[in-house]
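For reference, the structure is listed below as structure tokens.
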Amino acid sequence: MFKMLLGLLLAGGITLAATPWVRRQAFRWGAVDRPNARKVHKGVMPRLGGLAVYAGFVTAVLVTIQPTRSLYGLLLGMTLIMLLGALDDIRGLSPRVKLAGQVAAALVLLPLGVQVYFVTNPFNGHIVDLGWLGIPITIFWVVAVTNAVNLIDGLDGLAGGVSCIAALTMAVVGWTQWQIFGAAGQREIIMLALLLAAALLGFLRYNFHPAKIFLGDSGSMLLGYTLAVMAIMGLTKSVTAVSVLVPLVILGIPLLDTFFAVLRRYHRHRPIFQPDKEHLHHQLLALGLSHRQAVLVIYGISALLGASAVVLNLVATDQALALLVVLAVVVIAAANKVGVIGRAPEKDRQMSSRL
């Protein structure tokens, strides 16, 4: 308990103290985000916030958690992904270079034992040994979540708050799997998740609207990477029937927003990697919500998905599958209602007809 309290104080306190210094350095190093037609903010903003989150989280981890091979893998990969994001924040990197760096950060996990080795079939509860397929699945999962969290970082406090809720949910799910199902290795994940949440709470003091600093790619990619790896280290080790689905629900907001963006762009014959202004947070703003209201609504949705993930982990398999069906129907209906996957806006259709 003493180590946990010490770790939480270190993670939150160091991040809180480091953020103003990082903000000043971001201006000095040219790590700034300038407004454009797709972005919501109006002025030049520093965007190197991931460095502060990294400092608080990693320091707390090194002081309070017994090192293991998998923990070394997480810390090494986090360092690589944070440096990659920092370079992008300061100098700007091409999408290909960023993708190559993300794959490299995922690859360093494999020799240190961080890999998806098996999944549980949710329909019959049988363990499926993935063999060599675990390698590409691990890389795909890490890269996908890294980019998904990066894509939702469009409003003050959005990516940080959603990631904080996801981390707290992972801690709760890890605790239930440890205490109820006897799953091994959950204490480490519980501590890691709580430390990440504490670091994010320290950063949100400066990042919630009106933000004084952005996460930047150094932060949003760092958060996505860390959450993805923690899910592999802890949640996927459970043999419960729906364990393979729990991380997907916990990270539902970034994953679904990214999935709907791909569908939307494919349907409209646009390049899949071409940015647009039709993500969930953009659509909520278009409905008339204020900046802060839009963020709080997404927080609420993320919390509901987190609670659903906890319930999925506790109920019988048939009940869990029924809940997943209900969630899927509600999510698709809501996404279509707000225009995330609906038809192109009227002005977009008018522009297309002129062309």
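Along the sequence shown, residues carry numbers from 1. Remember, predicted model here, so these are calculated numbers, not experimental data.
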- Message: Between Leu109 and Gln115, does the side chain to side chain contact (heavy atoms under 4.5 Å, CB included) criterion hold? Intermediate values first, please.
- Response: CA-CA 7 Å; Leu109 299 169; Gln115 181 179 326; over 6 Å; no

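- Proximity of a side-chain donor or acceptor of Arg23 to a complementary backbone N or O of Lys212 within less than 3.5 Å is detected.
- Side chains of Met78 and Tyr225 form a contact here, defined as non-hydrogen atoms less than 4.5 Å apart.
- Although no hydrogens or angles enter the test, the distance criterion places a donor-acceptor pair under 3.5 Å between the side chain of Arg47 and the main chain of Asp89.
- Minimum heavy-atom separation, Leu51 to Trp29: CD2-CZ3, 4.5 Å.
- Atom CD1 of residue Ile81 and atom CE of residue Met221 lie 5.0 Å apart, to the nearest 0.5 angstrom.
- With a 4.5 Å cut-off on side-chain heavy atoms, Phe214 and Pro46 do not count as touching.
- Ser220 pairs with exactly one of Leu223, Asp217, Leu222 by the side chain to side chain contact (heavy atoms under 4.5 Å, CB included) rule, that one being Asp217.
- Put simply, CD on Gln186 and CE on Met170 are 11.0 Å apart, with the number rounded to the nearest 0.5 Å.
- Of the possible donor and acceptor atoms, none in the side chain of Ser163 sits under 3.5 Å from a partner among the backbone N and O of Gly160.
- Between Asp257 and Leu151 there is no side-chain heavy-atom pair separated by less than 4.5 Å.
- At most 12 non-hydrogen atoms from other residues, nucleotides or ligands lie less than 6.0 angstrom from CZ of Phe259.
- Here CD1 of Ile298 is found 6.5 Å from CG of Leu155. Values are rounded to the nearest 0.5 Å.
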- Task: Would you sort out whether Lys98 and Asp88 count as a side chain to side chain contact (heavy atoms under 4.5 Å, CB included), showing the intermediate values?
- Result: CA-CA 8 Å; Lys98 286 168 62 175; Asp88 189 49; 3.4 Å; yes

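- Contact check for Val114 versus Thr138: no side-chain heavy atoms found under the 4.5 Å cut-off.
- Within 6.0 Å of atom CZ in Phe27, more than 12 heavy atoms from other residues, nucleotides or ligands are found, so the atom counts as buried in its surroundings.
- Between Tyr54 and the choices Thr59, Thr226, Thr79, the side-chain hydrogen bond (donor to acceptor under 3.5 Å, both in side chains) rule is met once, by Thr79.
- Annotation: the span from Leu84 atom CG to Gln102 atom CD amounts to 6.5 Å, rounded to 0.5 Å.
- The aromatic rings of His209 and His291 lie parallel to each other, with less than 30° between the two planes, well short of the 60° mark.
- Looking only at atom types and distance, the side chain of Asp156 has no donor-acceptor partner in the side chain of Asn207 under 3.5 Å away.
- Here the CD1 atom belonging to Ile301 is positioned 11.5 Å from the CG atom belonging to Leu296, to the nearest 0.5 angstrom.
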